[in-house]
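Shown next, in structure tokens, is the structure this report addresses.
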Amino acid sequence: MTQPSRLSDSDRDDDAGTGGTGVGVATKTKTRTAKPALYKVLMLNDDYTPMEFVVLTLQRFFRMTIEDATRVMLHVHQRGVGVCGIFTYEVAETKVNQVIDFARQHQHPLQCTMEKD
Ligand code: TYC
């Protein structure tokens, strides 16, 4: 879908070519802002972390319902890896660290990583 174009602050009132009347034509210069790069946060399977702990982690840090968290946890359990969400770099990095810290506090080997989307 095409986004409506945004206009920058560089509005001008240029009175060139109006014979010095002081009357200008307002013009706007479009400045396109680059979309930020996005990163997938991935949860990794292991043999020891309890399923309920993974579900709790997904609910706490990725704001998932218990149904979505259970779905993602079972996908990771069966396939080895699964996507928790897609974020800008700093948000993804924060979530990875929150998951790893939370798991370590509870002495679970649960691992989480990120990759460019
Ligand atoms: N495989 C774990 C078990 O059988 C459960 C698990 C699921 C662990 C997902 C990590 O990211 C994970 N208890």
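Whatever order the structure lists ligands and atoms in, that order sets their numbers, starting from 1. Since we're looking at a predicted model, the values are computed, not measured.
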For [atom], the protein heavy atom that lies nearest, with its residue and separation:
atom                    : value
atom 4 (O) of ligand 1  : His77 CE1, 3.1 Å
atom 13 (N) of ligand 1 : Thr49 O, 2.9 Å
atom 6 (C) of ligand 1  : Asn45 OD1, 3.4 Å
atom 2 (C) of ligand 1  : Asp46 O, 3.2 Å

Q: Return the orientation label for the His106 and Phe102 ring planes: parallel under 30°, perpendicular over 60°, tilted otherwise.
A: perpendicular
Which ligand 1 atoms does [X] reach within 4.0 Å, using its non-hydrogen atoms?
X      : value
Leu110 : 10 (C), 11 (O), 12 (C)
Met43  : 11 (O)
Val76  : 9 (C), 11 (O), 12 (C)

Q: Grab the two heavy atoms, one from Asp68 and one from Arg71, that are nearest each other, plus how far apart they are.
A: OD1-NH2, 2.5 Å
Q.
Check this for me, if you would: do Arg104 and Asp101 make a salt bridge, where the nitrogen-to-carboxylate-oxygen distance has to be below 4.0 angstrom?
A.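 Not counted as a salt bridge, because no side-chain N and carboxylate O are separated by less than 4.0 Å.
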Distance-only donor-acceptor pairs under 3.5 Å for side chains of residues 110-117, two or more places apart:
none

Q) Can you hop from Val96 to Val81 via hydrophobic side chains spaced under 4.5 Å? A) no
Q. Would one find an N or O of Leu44, backbone or side chain, under 3.5 Å from an N or O of ligand 1?
A. yes
Q. Are the side chains of Val83 and Val41 in touch, meaning some heavy atoms are under 4.5 Å apart?
A. no
